[in-house]
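Everything on this sheet refers to the single structure shown next.
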Amino acid sequence: MTRTGTGCIDRPSPNHGPRPDGVGVELLILHYTGMPTAESALGRLCDPEAQVSAHYTVDEDGAVYAHVPEDRRAWHAGLSSWRGRADVNSRSIGIEIVNPGHEFGYRPFPAAQMAAVADLCLDVMGRHGIAPADVLGHSDIAPARKEDPGELFDWPGLAARGIGLWPEPTTADDPADDSADSAEDVAALLGRYGYDTAESRILLSFQRHFHPERLTGEPDPETLRRLRALLRMTGR
Ligand SMILES: [Zn+2]
């Protein structure tokens with residue numbers, strides 16, 4: 001399969017390789033570009049010297065650039081791990097989303113951009129049978145190194161369209177939150193969900209994705225409630 005999404009602007013990158021035999025695409029990883037301009041990001045993603053790429057980039061106006069065919073292994077995740085498995089590049093599709101990022105003036109993602117991101121994600125998920133729970137941010141799989149796409153990203157809006165998960169509100173049936181979680185307990189829960197417990201900042205990364213109003217790195221009750229809700233929703 002060499003197809004890329006419909007309506008994309010071809011902007012090929014030489015930075016890719018074969019996927020290992022027998023390894024299918026099972027994760028969709030969302031990034032921000034973290035460069036001052038869209039053009040600087042597109043240039044870098046296509047520069048052989050840079051040795052980085054993604055399958056797609058979505059600009060702030062909703063334009064989608066296709067860099068690497070989906071059947072090829074793009075170089076977007078770097079050292080990363082999810083649910084005990086490293087080499088995320090081999091088993092994922094990577095989408096870059098234009099935003100200057102925390103280094104160059106982090107700002108909200110425009111509605112037109114998010115609409116294009118959602119359409120592209122649904123296309124990719126449909127082509128590869130990727131489950132909603134397997135749509136993640138770069139910061140989820142590389143918490144010590146990465147903050148993207150960050151706390152301004154509209155994960156709840158995407159989840160409303162079936163892209164990624166958003167923790168359900170508490171219901172009357174919820175088991176009481178009776179354990180006085182030690183730091184070790186919280187790390188174990190995060191590990192059960194998928195985070196690499198050998199990494200630092202995993203609770204902060206969890207909050208950046210699932211409780212962005214509270215980037216403390218501390219296990220407050222609402223953060224824990226959301227983590228437990230996700231474990232329940234996924235049966236992990
Ligand atoms: Zn990234």
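Each ligand, and each atom within it, is numbered from 1 in the order the structure gives. Note that these values count all heavy atoms, side chains included, but never hydrogens, waters or copies made by symmetry.
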Classify the angle between the aromatic ring planes of Phe109 and Phe153 as parallel (below 30°), tilted (30 to 60°) or perpendicular (above 60°). perpendicular

Test of understanding: with salt bridge (Lys or Arg N to Asp or Glu O under 4.0 Å), list the residues that count as partners of Glu218, not counting sequence neighbours. none

Protein-side N, O or S atoms sitting under 2.8 Å from the Zn ion (ligand 1) are His31 ND1, His138 ND1, Asp148 OD2

Trp166 vs Phe210 aromatic rings, parallel, tilted or perpendicular, using cut-offs 30° and 60°? tilted

Pick from His55, His76, Arg73: which one makes a side-chain hydrogen bond (donor to acceptor under 3.5 Å, both in side chains) with Ser92? His76

Please say whether more than 12 non-hydrogen atoms of neighbouring residues, nucleotides or ligands are located less than 6.0 Å from CG in Leu79. no

Shortest non-hydrogen contact between Pro48 and Asn15, atoms and distance: CA-OD1, 3.5 Å

